[in-house]
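Reminder, nothing fancy here: chain letters follow the sequence lines and each chain counts from 1. Atoms considered below: every heavy atom in the structure, side chains included; atoms not considered: hydrogens, waters and symmetry mates.
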Amino acid sequence: MSTAVLTPGLRAGAQPRTAAGARPPATVLLSAAVILLVLAWSIAPGLFTGHDPAVGVPDDKFIAPGAQHWLGTDHLGRDLLTRIVHGSASSMTSALIAVAIGVAVGGALGLVGGYLGGWVDAVIGRVVDVLLAIPGFLLAVVVVTALGYDTRNAAIATGVSAVAVFARLMRSEVLRVRTSVFIEAARISGGSSTYVLLRHVLPNALRPVLSLAVLQFGIAILVIAGLAFLGYGDPPPASDWGLLVSDGREHLLHAPWLVLAPGLVIAVVVLSVSRLSRHLDQGRNR
Amino acid sequence: MNPSSALLQVEDLHVSYGPAEVVRGVSFAVGEGRALALIGESGSGKSTIARAVLRLLGSRRARVDGSITVRGREITGLREREFLPLRGRVLGFVPQDPGSSLNPVRSIGAQALEAAALVPGTRSRAQREALVVSALERVGLPEPQRIADSFPHQLSGGQLQRVLIALAILPGPRLLVADEPTSALDVTVQEQILDLLDELRRELGIGVLLITHDLAVAAARADEVVVLQDGSIQEAGPTDSVFTAPRSPYTRALQADVPGLNPDRFAGLRAERDERHPAAGADLQVDVRGISRTFRTREREVRALADVSFTIPRGRTHALVGESGSGKSTAARALLGLETMDAGTLDVGGVEVDPSDPRALRELRRHLQIVHQNPFTSLDPRFTVGRIVREPLDLYRVGDRAAREERAAWALEAVRLPERLRDRRPGALSGGQRQRVAIARALALQPDVLVLDEPTSALDVTVQAGILEVLATLQRDLGLTYLFISHDLGVVRQFADTLTVLRRGEVVESGSVEEVFAVPREEYTRALISSIPAREGVGASA
Amino acid sequence: ALDGARADGGPASPEDDLELSFLISNLDGGWVPSQSAISSYEANVWQQLTDKLVHTDAEGTVSPWIATHWEQNEDATEYVLHLRGGVTFSDGTPLDAAAVLANLEAWAVGRPEEGLARVGLFPGGTYEGAEALDPLTVRVTFTAPTLSFLPTLGYHGCQLMAPSSLALSLEEQADLAHQIGSGPFVLESWEPRQRVRLVRREDYDWAPEVLGATGPARLSAITFTVLPDDTLRASAARAGQTDLAYNVNPQVLDSFTEAGFTIEVPRYLGFVHGYSLRTQVAPFDDVRVRQAVTRGIDRAEILRTVFTDAWEPATSWLQAGVPETTDLTELFAYDPELATQLLDEAGWTERTAEGFRAKDGVELGFTIYPTPYLTGSVPEAELISQHLGRLGIRVRTQKLDIPTYTERVTNDPTQGVQEVTRSFVDVGTVAGVITDEGEDWFQTGSSDAELVRLRDEVAGAASREERAGVVEELSRHVLEQAYFIPLEQNVQRIYVQSPQLSGITFNAVAIPSYHAATKEEA
Amino acid sequence: MSAAATETTAGSSPAGTSAAARTARRYGSFALRRTGQALVVIALAYVLVFLVLAAIPGDPISAQLDNPQNGYSEEEKAQIRAFHGLDRPVLVQLLVSLGNALRGELGTSMSTSQPVAAMIGEAIPSTLALAVTALALAILLAAVLGLLSRLLPEGPLNSLVRSLPAAFLSTPNFLIGLVLIQVLAVNLGLFSLVEPESARSTLVAALTLAIPVSAQIAQVFITALDESSGQDYAEVALSRGLPPVQVVLRHLLRPSLLPTVTVVGLVLGEVLGGSLITETIFGRAGVGTVVQKAVSSQDVPVLLAAVVLSATVFVMVNLVIDLLYPLLDPRLRVGKESR
Ligand SMILES: Nc1ncnc2c1ncn2[C@@H]1O[C@H](COP(=O)(O)OP(=O)(O)OP(=O)(O)O)[C@@H](O)[C@H]1O
Ligand SMILES: Nc1ncnc2c1ncn2[C@@H]1O[C@H](COP(=O)(O)OP(=O)(O)OP(=O)(O)O)[C@@H](O)[C@H]1O
Ligand SMILES: [Mg+2]
Ligand SMILES: [Mg+2]
């Protein structure tokens, strides 16, 4: 207890924000550009390449990257860049599906568990523990086995394996928000339980969940690529990025670009996504 | 004072974090065995100066210009390696928050031995252990060995602060920089620590640079005072002259806002109120009878309230006073029906509060609202100011939309928040502004009773004075009834009509403010009253 | 388990210490001879551990091995085999007439009640019995003319095992250590599904003359290591970490040739690589669709793109090496116009939104499951899908692994396309696959009278000359009906060999023998 | 438990003894509770995986039975299905299977007829070697990155160190593996592809797995170090004259260990899951390969056992980590003895 005369305790947080509106760092802009490019690839692949992704010129097989084929050609003479561009839609949508499942199912579980508490929370908590205990990739493999091999199912499997992470984060966020004074204030202002949950708890808990969703989008690309690599994705001539690496792998010895190019595209996209996610996350803490 | 003999001499110091300059041309000197107090509101640059002196700004991307000399040696240009021997051995540091200033996962002894190892000439472990024990004894810790074996979380704040002082004086520094060394501690402990610093200063001839926000501390403990505002010096000089004859308007304003120095600040407003809403014949708005509540957790049992009773007539202010954990907030929450009581009844506006009946509670809260202590967490960061204030009106479906807008505008005006802030979110408001928003929200429903749970204790004196003024004016105009919770008796004396002093959930004393202050019956109350800053001599200007 | 202990005991001289390392994709088939002797994988091991009665080479020529000479009666129902003397199994028991009788019994009849199947290709249907005329002479009799008997003795299923091994139960036989042969190498140690190590048998002296070497093998040991991944085996070979890598992607072979490696793509007797079509399954119930498919495939482009110069075009549905094969290329040569015309005639004239042909709202299309047994079958299917796509046929491809393939394709009668990579040593085999008195590849049952007639004539032929004519007639019928779509000469086994290796020979079914092989030290 | 604790602390003051005993008893009940929870999670994982796998259409036995070439009669098929328990309702199958598992019987593989325990048992050493090496490498890598991020002065080098984890995490591990094989084995001949279980090969495979895993540990470690370096005690230690390196080693390391150890437990899942791809790339005959084969042949008993084994390892390691917390952080030692 002190005789507060001039403010004790409060730190920099007391100052109104001044840095708001500053331009994001260059790496973030670059990441955003990469993601925009890939989105554009997914929406209108035809704009970016003049080649056919499925039918190549067989006599032009294994041409090394150069002026004519920027990323070279594959074993059937198809332009690799074209295949990557055309494969992005499938890679992106499947990652989106995975994240959507994770956010929707995991978010709902976390929200309900965190807000209601009690036995509901205990039951949900155990389910989440179980999902968490099974290594994610293994769980995805099991689920995709049960559903059948194709990219959509791989996406669903990836989503299922991400449910636990989202549920946990959502729950802890809800717990954090739920104990905030403004929640009590809303109750005192006459808000019902549902009103408080939907208008105050959910929106305030969502931000970190969304930034995790962005991060998870990148991870989903990797997991789905991994599944495709093991052969649990769409069959050829689909050109999912993981499949491209998996196919190109047979030619690693004499046409290494078939592995490196799609592999690096995956890496760059995921890196951009995670940079963006980190930026969003910082925005929250600022 | 002869500058060349000064222990620490700061000359035209400028510090900026990035583009923002936060210390502008500050100069002062601390001599051997002398104490200099650096006072100023939050963010005025006090800690920054301390860090500049100790060269702890390294990791903060700060630019430092000007000159700092320690015993005549310029230190601003020194290389890190050359400065290292000065740290601890010449310049000691006592931090503000003892709870977080010791590594929680290492024992006190381990950290003390590490400090002892830095003292030149201590080779053997036994020597170091002896040093540690004697330093711990020197700061008045009775069982040094037990202390050394403990981990920080096993000691109280006062003990920890003593440990930190012991660690600071262990290498025999010439100057101690103490950055708000007592503001995290209880009143009674505060005095002991300050006494200890005084004693060390006298006996060992150590110079002290004391940073504080507490004018009373500065007045009582320092030889000289430097008043900072916004990084520049407003006033500097011997303590007596600064406090008795402040020259700068800022210092004068500062003094005027200190509740303890101006007990009658709101006397005028309250007199008008008494005229408009005479006390005689006013019905009881709040009637609390014999409430008790005990919290039981796995670990322990806490008696938060034990047979507490008080009443508040319409249009008056009742204060609940007591140290932290004495049950003040629990009583307030009980009134709002947020907490069930083990025993006793609470009536608000003649209706009994029943926490188990949601509809009755909803009805109750139309007439009874609360303003929370912390303005930083009591507002939804995603809502705009306008929407926050309108929310209770929307939820209670008061009038049509236009009427609600109007009512919200009225509430914002009542707390003197400028119109332009309506579309901002809490993140873009200062603490004082946020607290006004919280009050406006509580006012929007035009309740009869407001519970104010330490509404200003997180705020600056100046801001606090403004808020209290708003509240006093509202009471005068609307005849509101306040339950005012505070641990600051200075504020209570200015603002409340009656008070109840709580200690560990029990009523220690109650009555009208005048009576209690004039003749406190209990020792506890006396200690609380004596902690109001310097009334004798200094406060004469009020 | 004997790892490290040399079987022959004596110290080997340095130049004698040549070891061969062999990388193989799997050894999952187990070691019961009737189950795995004809496997593309285990056969590589069996061939070094065991001998055969005769040697059949890639042209189908039969030459002596354990049988030094033989006689055959007029109508090919009775054979007398004369055995080489002094041959012993590695456990010391003699390989004499009694042992041969035991083996014949196992090949022709087996012990099905104990789970021990007979050897599929051995003409068990007409086998009557065998007797020992003396310790080194055996007479084998058949109920009907059986021309395939002699060449089949050189087939990898007909390997000579010690009678003691043959007598073991199914479970006991699963242990490779119990399998005693008379071959140039003997087992030293093995780990299930991972590794087999063989060492030279020092007293071996009965190699077939055609191999061009006598006495014990030149190599002192062979280690077969399982590395399931094609790319890894190729990389290991390229890095010089193995002498031999089995089955790599044909498309990487050119780069190996450039780097000086020897590539062996032994062709064998059997069917060419191709698709057999099930005529009960739409759209293959229409001969015009089948013909359009076979005419729509640009085989030349497949050869250029997917394979190397070592591959050759198919000339019939039988490998060119089979003596009875004649060039029937004109019956299935690439002719997109003709294909278009056939599809139009068959009524597939509607078009779907994606541009594929349709009839009565049903899209014209099918799925190919590229066989996991053959590297290169996936890109090949992709190309075929492109070729037929140009005609308006939608061809989906789905890559499966071996077990799923077995379940979803081989065992599923509703799959229209079956990829064929089958070997045989005697053309008589075809009689066993084409109708319901056999595997009924085309699902015609006995409905195609012509097919039934040709089957009976092939099966009943008593002379090779007479049979050759029937085979040509049969082939013509199969190709005209487009029951079978030939793709290219089947190369089921690809051996990438280090340039230091030499003296390797392959038999009729492209299984290598390392008896005469040697290796220059690098 | 409490009795033992009392004995070991005998000799100290009576008050101390009872406090220590109380602490020990509390720790004991905490440990028991956590262990119980862990067992429940494992059992639930079994049930969950069983139910998911029950959804798979078909099984190897039916596939074999339904092969027309085998020509089994319906009666024979039913008999054989009954023998394998395939005719019973899923819930009964689950209970039987769970009961067997509790008795340590994992059943036999549907595709190879080998005992599941043996199949997985043979594969464990390879995976264990891979996982342990990978985890050790990951921790090492993360430790180096974390310490560098604190010890290097601010500047491009420090930024590089801090951006490495994100880059590591973004690179698909199959890409890393393939490149390592190409460069280290094929181009430089540093290890033999023919002996995937050799020490060198294991090291490279482990590196493949360790890179993305280390990134996650490093991220948490760096954040934790940054966080503790922003704590008052770090500044106070510095003001006492402790050299910055010593501040990092003595004051920042221990408090950062708690979140780091936690994440090490969590990334174990990545290690186990990632071994699937790594084993495939390097041709190792580990549990991952067994799982792959089981997946493709829909060999439910094997898959079930492998997944539950992974879950068990995960849960157990995390249990141990949970039980270790009080040792790492005295604040978590239940009960405050002195004040
Ligand atoms: N690391 C930093 N980076 C940027 N700005 C900073 C930093 N530290 C402090 N500031 C700003 O510098 C100004 C002075 O801060 P300082 O901590 O010295 O104030 P103070 O007088 O000690 O305040 P308080 O009484 O709240 O402790 C404030 O406006 C603060 O927001
Ligand atoms: N929900 C609860 N469960 C357990 N103990 C509680 C609970 N709420 C309050 N307490 C305890 O009851 C006592 C009184 O708490 P209360 O918040 O009323 O104190 P206070 O006087 O408002 O203190 P402060 O000045 O710190 O706000 C404290 O010891 C507190 O720890
Ligand atoms: Mg400060
Ligand atoms: Mg309180």
Q: For chain D, find which of B/S101, B/P85, B/A117 contributes the most heavy-atom pairs closer than 4.5 angstrom.
A: B/S101
Q) With only heavy atoms counted, which part of B/L91 is less than 4.5 Å from chain D, the side chain, the backbone, both or neither? A) backbone
Q: Just give me the residue among B/A115, B/A168, B/G88, B/P104 that pairs up with chain D most often, heavy atom to heavy atom, under 4.5 Å.
A: B/P104
**Q.** Note: D/D226-D/R150 ion pair, threshold 4.0 Å (strictly below)
**A.** yes
Q | Engaged part of D/P153 at the chain B interface, taking heavy atoms whose separation is under 4.5 Å | A | neither
Q) Charged N to carboxylate O under 4.0 angstrom, B/R504 versus B/E323? A) no
Q | chain D interface, residue from B/R81, B/E114, B/R106 that has the most non-hydrogen pairs under 4.5 Å | A | B/E114
Q) Does any heavy atom of chain D fall under 4.5 Å from the side chain of B/Q111, the backbone, both, or neither of them? A) both
Q.
Side chains of B/L118 and B/P171, heavy atoms from C-beta outward: is any pair under 4.5 Å?
A. no
Q | Residues B/R87, B/E80: salt bridge by 4.0 Å N-O rule | A | yes
**Q.** Interface moiety of B/L102 toward chain D, non-hydrogen atoms closer than 4.5 Å
**A.** both
Q. Measuring from B/H213:NE2 to B/K46:NZ, what's the distance to the nearest 0.5 Å?
A. 8.0 Å
Q. Distance only, no hydrogens: is a donor on one side chain within 3.5 Å (strictly under) of an acceptor on the other, for D/S228 and D/S256?
A. yes
Q.
Please classify the contact of B/P95 with chain D as side chain, backbone, both or neither, using a heavy-atom distance under 4.5 Å.
A. side chain
